Amino acid sequence: MVPNDSSAVVVSLEDQFQAKIDAEIRIEPKDWMPDAYRKTLLRQISQHAHSEIVGMLPEGVWITRAPSLKRKQILMAKVQDEAGHGLYLYAAAETLGMERDEMYEELHSGKAKYSSIFNYPSISWADVGAIGWLVDGAAILNQIPLCRNSYGPYARAMVRICKEESFHQRQGFEVLLVLANGSPEQRAMAQDAVNRWYWPSVMMFGPSDGESTHSEQSMRWKIKRFSNDELRQRFIDMVAEQIKVLGLEHPDPQLKWNEERGHYDFGPIDWDEFWNVVKGNGPCNRERLETRKKAWDEGAWVREAATAYAEKKQQRAAQTEKSPAKAA
Ligand code: FAQ
């Protein structure tokens with residue numbers, strides 16, 4: 001006999017849902033999903049979208065000061081790409097039932113997070129290189145597995161984003177390579193930027209596995225494929241090799257190859273600094289939010305004009321439908 005108890009039905013739906021995930025079948029917007037899965041995705045995708053949009057700011061300030069027309073063009077294209085990534089991600093989050101305006105409101109009120117990394121200042125041209133190499137490099141390692149995450153719209157958005165991020169990382173590396181092989185001042189500038197951006201990039205992967213509140217469930221749902229610490233180790237190993245090509249000094253004096261583990265061992269991560277930044281007290285948290293809020297307020301007329309134009313078009317279309325001869 002089928003039990004006449006609604007909780008039994010819910011359990012069964014959840015089992016079916018997990019079975020789909022286990023069989024690597026993508027979840028699409030109209031499929032049934034547990035509320036907690038929807039919430040987790042909304043949290044992660046909207047935070048990811050906010051990171052892309054806020055992430056335009058540290059590099060954006062260098063567009064007017066890029067050292068050549070070519071560098072200016074490349075940087076403009078990169079920053080524009082980040083805006084595009086934000087838009088794909090907001091669109092993916094909207095399929096889960098949240099309006100974009102609401103997501104912006106959560107960013108502006110401080111309710112929604114964005115990546116800790118974008119709360120550090122970009123004080124020299126070499127920072128553009130360090131951001132491209134280290135920040136985009138960390139982003140790629142985290143984002144390639146997201147191309148295979150269980151939610152269709154998010155996974156598909158990530159495919160295109162990853163292609164663009166690889167170009168970003170290479171352009172950053174090339175900026176640093178030129179500086180590292182330039183004058184002593186340029187070389188020092190490159191070293192200083194790498195020293196400042198390295199540890200915050202290591203922290204970007206999130207708290208260590210023991211402290212990560214969402215990892216276990218997100219891995220079961222195949223939103224995440226690897227833990228924060230696994231991806232962080234890949235990043236540390238990658239940077240340890242690539243910095244040799246730049247010929248710069250590694251910022252971690254304790255970095256050492258561990259033959260047994262087949263990985264680099266590394267020095268302690270300053271988790272107090274990480275949580276301080278996440279809680280809103282990093283060097284640029286307030287400035288970043290103020291800039292985003294100002295852009296939102298100053299863009300009000302564009303939104304109003306676009307809405308008025310759409311309404312006018314709709315009215316015209318309705319009139320044409322009613323009396324086609326008159327409209328012609
Ligand atoms: N910053 O339980 P977990 C980019 C929070 S895009 C701030 O491990 P989860 C491209 C976390 O939200 C960079 N907060 O969380 C670019 C949670 O708090 P909550 C962004 C952080 O979600 C390049 C709490 O700590 N990428 O760079 C951070 O399972 C250049 C506990 O943590 C993505 O968003 C952090 N770093 O794992 C653009 C990728 N880490 O929400 C411009 C997608 C953790 O409960 C220029 N996201 N927290 O209040 C993810 O893969 C995951 O969300 C993680 C965190 C791995 C970031």
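Since this is a predicted model, take the numbers as computed values, not measurements. Just so you know, ligand 1 is whichever comes first in the structure, and atom 1 is the first atom listed for that ligand.
Contact annotation for M56 and ligand 1: no heavy atom of the residue comes within less than 4.0 Å of the ligand. With a 4.0 Å cut-off on non-hydrogen atoms, F205 touches ligand 1 through its backbone and not its side chain. With a 4.0 Å heavy-atom cut-off, ligand 1 is reached by the side chain of E165 but not by its N, CA, C or O. The backbone and the side chain of M204 each have at least one atom closer than 4.0 Å to an atom of ligand 1 (non-hydrogen atoms only). Contact annotation: for S212 versus ligand 1, heavy atoms closer than 4.0 Å belong to both the backbone and the side chain. With a heavy-atom cut-off of 4.0 Å, E82 touches ligand 1 through its side chain alone. In N142, the part holding a heavy atom less than 4.0 Å from any atom of ligand 1 is the side chain. In N228, the part holding a heavy atom less than 4.0 Å from any atom of ligand 1 is the side chain. Looking at Q47 against ligand 1, only its side chain comes within 4.0 Å, counting heavy atoms. Only the side chain of Q44 comes within contact range of ligand 1, with a heavy atom under 4.0 Å; no backbone atom does.
Within a 6.0 Å radius of CD in E216, no more than 12 heavy atoms belonging to other residues, nucleotides or ligands are found. Environment of CE in M76: sparse, with no more than 12 heavy atoms of neighbouring residues, nucleotides or ligands closer than 6.0 Å. Atom CD of E230 is surrounded by more than 12 heavy atoms from other residues, nucleotides or ligands within 6.0 Å. Atom NZ of K163 has 12 or fewer neighbouring heavy atoms from other residues, nucleotides or ligands inside a 6.0 Å radius. R100 CZ: more than 12 foreign heavy atoms inside a 6.0 Å radius. Counting non-hydrogen atoms of neighbouring residues, nucleotides and ligands closer than 6.0 angstrom, the CZ atom of R160 reaches no more than 12 such neighbours. The local environment of CD in E211 is sparse, with at most 12 non-hydrogen atoms from other residues, nucleotides or ligands closer than 6.0 Å.
If you number the atoms of ligand 1 from 1 as listed, the ones under 4.0 Å from a heavy atom of K224 come out as 8 (O), 9 (P), 29 (O), 37 (O). Remark: ligand 1 atoms within the under-4.0 Å shell around heavy atoms of D136 are 23 (C), 30 (C). Which parts of ligand 1 touch F118 is read off a 4.0 Å heavy-atom cut-off, strictly below it: atoms 4 (C), 16 (C), 23 (C), 27 (O), 30 (C), 38 (C), 42 (C), 46 (C). Numbered from 1 in the order shown, with element, the atoms of ligand 1 that lie under 4.0 Å from a heavy atom of G206 read 40 (N), 44 (C). Set against the non-hydrogen atoms of G55, the atoms of ligand 1 under 4.0 Å away are 42 (C), 46 (C). If you number the atoms of ligand 1 from 1 as listed, the ones under 4.0 Å from a heavy atom of V278 come out as 7 (C), 14 (N). Near S51, meaning under 4.0 Å from any of its heavy atoms, are these atoms of ligand 1: 13 (C), 20 (C). For ligand 1 and Y154, the ligand atoms under 4.0 Å from any heavy atom of the residue are 43 (C).
Within the 4.0 Å heavy-atom shell around ligand 1 one finds Q143. Residue E211 places no heavy atom under 4.0 Å from ligand 1. No heavy atom of S218 sits closer than 4.0 Å to any atom of ligand 1. Within the 4.0 Å heavy-atom shell around ligand 1 one does not find F226.
Between the side chains of R316 and Q319, no donor-acceptor pair is found at a separation under 3.5 Å. Side-chain contact annotation: D237 with Q233, donor-acceptor N/O pair under 3.5 Å present.
Screening V54, V277, L289 against N119 for a side chain to side chain contact (heavy atoms under 4.5 Å, CB included) leaves a single residue, V277.
Residue, atom and distance of the protein heavy atom nearest to atom 21 (C) of ligand 1 are F274 CZ, 4.0 Å. Summary of contacts: the protein heavy atom closest to atom 4 (C) of ligand 1 is A139 CB, 3.7 Å. Protein heavy atom in closest approach to atom 1 (N) of ligand 1: S116 N, 2.8 Å.
Here atom 18 (O) of ligand 1 lies nearest to K113 when heavy atoms of K113, H50, K111 are compared.
Stacking of R26 on the aromatic ring of Y154 is not recorded, the 6.0 Å distance cut-off and the 45° axial limit not both being met. Note that R303 lies in the cation-pi zone of W296, set by a 6.0 Å cut-off to the ring centre and a 45° limit from the axis.
Between E287 and K294 there is no salt bridge, since no side-chain nitrogen of the basic residue lies less than 4.0 Å from a carboxylate oxygen of the acidic one. With salt bridges taken as basic N to acidic carboxylate O contacts below 4.0 Å, one links E28 and R156.
Looking at E59 next to ligand 1, no N or O pair under 3.5 Å apart turns up. Annotation: E52 places no N or O atom under 3.5 Å from an N or O atom of ligand 1; distance criterion only. Checked by distance only, ligand 1 and H214 come closer than 3.5 Å through their nitrogen or oxygen atoms.
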_Worked check of side-chain contact (heavy atoms from CB on, under 4.5 Å) between M103 and Q47_ = CA-CA 9 Å; M103 290 183 243; Q47 291 185 2; over 6 Å; no
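Under the 6.0 Å cut-off for aromatic ring centres, Y104 and H50 do not qualify, their centroids lying 6.0 Å or more apart. The aromatic ring centroids of Y198 and H250 lie less than 6.0 Å from each other.
Counting protein heavy atoms under 4.0 angstrom from atom 54 (C) of ligand 1 gives zero.
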